[in-house]
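Values in this document were obtained by computation on a predicted structure and should not be read as measured data. We use all heavy atoms of the structure for the numbers below, so side chains are in, but hydrogens, waters and symmetry mates are not.
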Amino acid sequence: MAPTIGDRQFTDSSIITNFVINRGNGVKGLSEMGLKAPPKPYIQPLEERLCISKILPQQSIPIIDMSHWKNPQVASAVCDAAEKWGFFQIVNHDVPVEVLDNVKDATYRFFDLPADQKNKYSKENSASNNVRFGTSFSPEAEKSLEWKDYLSLFFVSEEEASMLWPPVCREQVLDYIRRTEVVIKKLLQMLMEGLNVKEIDETKRSLLMGSIRTNLNYYPICPDPELTVGVGRHSDVSTLTILLQDEIGGLYVRGNQGDGDNWIHVPPIKGSLVINVGDALQILSNSRYKSVEHRVIANGTKNRISVLIFVNPKPTDIIGPLVEVLQNGEKPIYKQVLYSDYVKHFFRKAHDGKKTVEFAEI
């Protein structure tokens, strides 16, 4: 029997684990029970909560108009944002608004499925490691859980996707990936030219975008959002991450000025995509381009969704500073690392800011 709101046992983490994870109810199931406060496992230590005094209300990450993408000023703005901010928003990028709306609608459809249907894609039940329904980030490693459910889809081929991905969202996600690939290639071309890389050959293409993973994220209404987090402080392990927000907002990026503990809200802009540099690109660029910590706060009044495309090296690729970056005598900051080892290190621990990149430092 599912725990009830009045059940004092609901403070027991094993009961919560069974309800949320084993039975596929997710945090969404908790949210829909009308709890007065998040259960204890979701309450974050004080230092991990976002203090209002740390938010910079006047600051904004760069917003770049991609409509004239061949204009050198656009490439310059993209490279500048990757160096100084690690985050930027793009508008007029040619991915149709209806494609964005369709994938957002499909995300809601998946998370609105009954728990037993979503649970078919859990770690224990999924037919493939490439399709995973889960909750939080890494529940086995975390002391405090994140107020989030997700569906993670690792793209191998359209054939595999048509067989294994949930039918309720499959076509919309595939269409979104197809349409976004053009934008990803343009951005990578600009960023590589900024590093003196004249041509993206097959080897470089693998390093930059050899694998693609999409996450559909669901952040249900939280009874006391100040006590918990949607996603804790972290930087991504990708080359680039492409984020589609809904209209609610909640993403915060670490500011690049002052004492380093300031945060900037990334407001939703209809039709925009948020782009951020991941650790892999920081390593490939020998720290010219910066991956930046970011976090998501929980919301007390509305359910929030987001759709992420993680553009990554292939798991079998060795990542390290590109030859072109070092040809002027610049000393490498990072060693050569097997990308799958880097990713395993990331998932072995709870979110911990920028510490993952230390794994690759010389």
Side-chain angles (χ1 to χ4, degrees), residues 55-105 172 175-198 200 205 208-209 212 214 235-236 238-257 263-278 281-282 284-285 288-294 296 304-311:
I55 297 169
L56 302 171
Q58 307 307 320
Q59 288 278 3
S60 169
I61 63 170
I63 299 166
I64 300 172
D65 188 335
M66 296 289 287
S67 51
H68 301 291
W69 68 273
K70 290 189 176 177
N71 185 323
Q73 288 180 322
V74 175
S76 177
V78 166
C79 293
D80 193 59
E83 285 186 34
K84 293 178 181 168
W85 294 87
F87 263 84
F88 53 97
Q89 292 207 65
I90 58 172
V91 294
N92 300 322
H93 43 66
D94 279 349
V95 181
V97 170
E98 58 266 28
V99 172
L100 306 182
D101 288 343
N102 287 345
V103 79
K104 286 191 279 191
D105 291 345
Q172 294 79 9
D175 191 28
Y176 177 54
I177 290 172
R178 283 184 216 113
R179 298 298 194 114
T180 311
E181 188 178 9
V182 181
V183 181
I184 292 165
K185 285 178 176 174
K186 287 176 186 174
L187 290 169
L188 288 172
Q189 188 180 331
M190 293 172 188
L191 290 163
M192 287 302 102
E193 285 175 2
L195 297 176
N196 225 14
V197 175
K198 302 303 182 195
I200 299 179
R205 188 183 179 285
L208 295 169
M209 53 182 302
I212 299 281
T214 305
S235 59
D236 296 341
S238 56
T239 305
L240 287 180
T241 301
I242 289 77
L243 165 69
L244 173 61
Q245 299 201 80
D246 64 10
E247 72 286 353
I248 293 160
L251 170 65
Y252 287 81
V253 174
R254 191 179 280 286
N256 61 2
Q257 299 159 356
W263 296 85
I264 299 164
H265 185 232
V266 180
I269 298 172
K270 178 71 175 172
S272 76
L273 294 170
V274 179
I275 312 295
N276 67 275
V277 172
L281 184 55
Q282 176 170 319
L284 291 165
S285 70
R288 175 92 60 85
Y289 301 139
K290 304 288 195 302
S291 67
V292 171
E293 273 184 71
H294 49 287
V296 175
R304 175 181 184 264
I305 55 114
S306 64
V307 182
L308 294 119
I309 295 178
F310 297 101
V311 184

Q | Residues Val277, Val292; criterion side-chain contact (heavy atoms from CB on, under 4.5 Å); working and verdict | A | CA-CA 7 Å; Val277 172; Val292 171; over 6 Å; no
Would you give the length of the straight line joining atom [atom1] of [X] to atom [atom2] of [Y], rounded to the nearest 0.5 angstrom?
X	Y	atom1	atom2	result
Ser235	Asn276	OG	CG	9.0 Å
Ile242	Glu181	CD1	CD	11.0 Å
Tyr176	Thr214	OH	OG1	8.0 Å
Glu247	Ile269	CD	CD1	14.0 Å
His93	Ser67	NE2	OG	11.0 Å

For the backbone of [Y] and the side chain of [X], can you confirm whether one donor and one acceptor N or O come within less than 3.5 Å of each other?
X	Y	result
Gln89	Val266	no
Ser285	Leu281	yes
Asp246	Ile305	yes

Q. Are there more than 12 heavy atoms of other residues, nucleotides or ligands under 6.0 Å from atom CG of Asp105?
A. yes
Q) Got more than 12 heavy atoms from elsewhere within 6.0 Å of CD, Gln73? A) no
Could you pull out the closest heavy-atom pair between [X] and [Y], with the gap in Å?
X	Y	result
Val274	Phe87	CG1-CD2, 3.8 Å
Met192	Ile200	CG-CD1, 3.9 Å
Asn196	Lys198	OD1-NZ, 3.1 Å
Gly255	Ile264	CA-CD1, 3.8 Å
Met209	Val311	CB-CG1, 3.4 Å

Measure the shortest side-chain to side-chain distance between [X] and [Y] over non-hydrogen atoms and say whether it is less than 4.5 angstrom.
X	Y	result
Tyr289	Gln282	no
Trp85	Val253	no
Met66	Leu187	yes
Val74	Asp65	no
Val78	Ile275	no
Lys270	Asp101	yes
Asp236	His294	yes
Arg205	Lys185	yes

Q.
side-chain contact (heavy atoms from CB on, under 4.5 Å), that's the test. Do Trp263 and Glu293 meet it? Break it down for me.
A. CA-CA 9 Å; Trp263 296 85; Glu293 273 184 71; 4.0 Å; yes
Q.
Run Arg304 and Leu251 through side-chain contact (heavy atoms from CB on, under 4.5 Å) and show every step you take.
A. CA-CA 11 Å; Arg304 175 181 184 264; Leu251 170 65; 4.2 Å; yes
Q: Would you sort out whether Lys104 and Asn102 count as a side chain to side chain donor-acceptor pair (under 3.5 Å), showing the intermediate values?
A: CA-CA 5 Å; Lys104 286 191 279 191; Asn102 287 345; over 6 Å; no
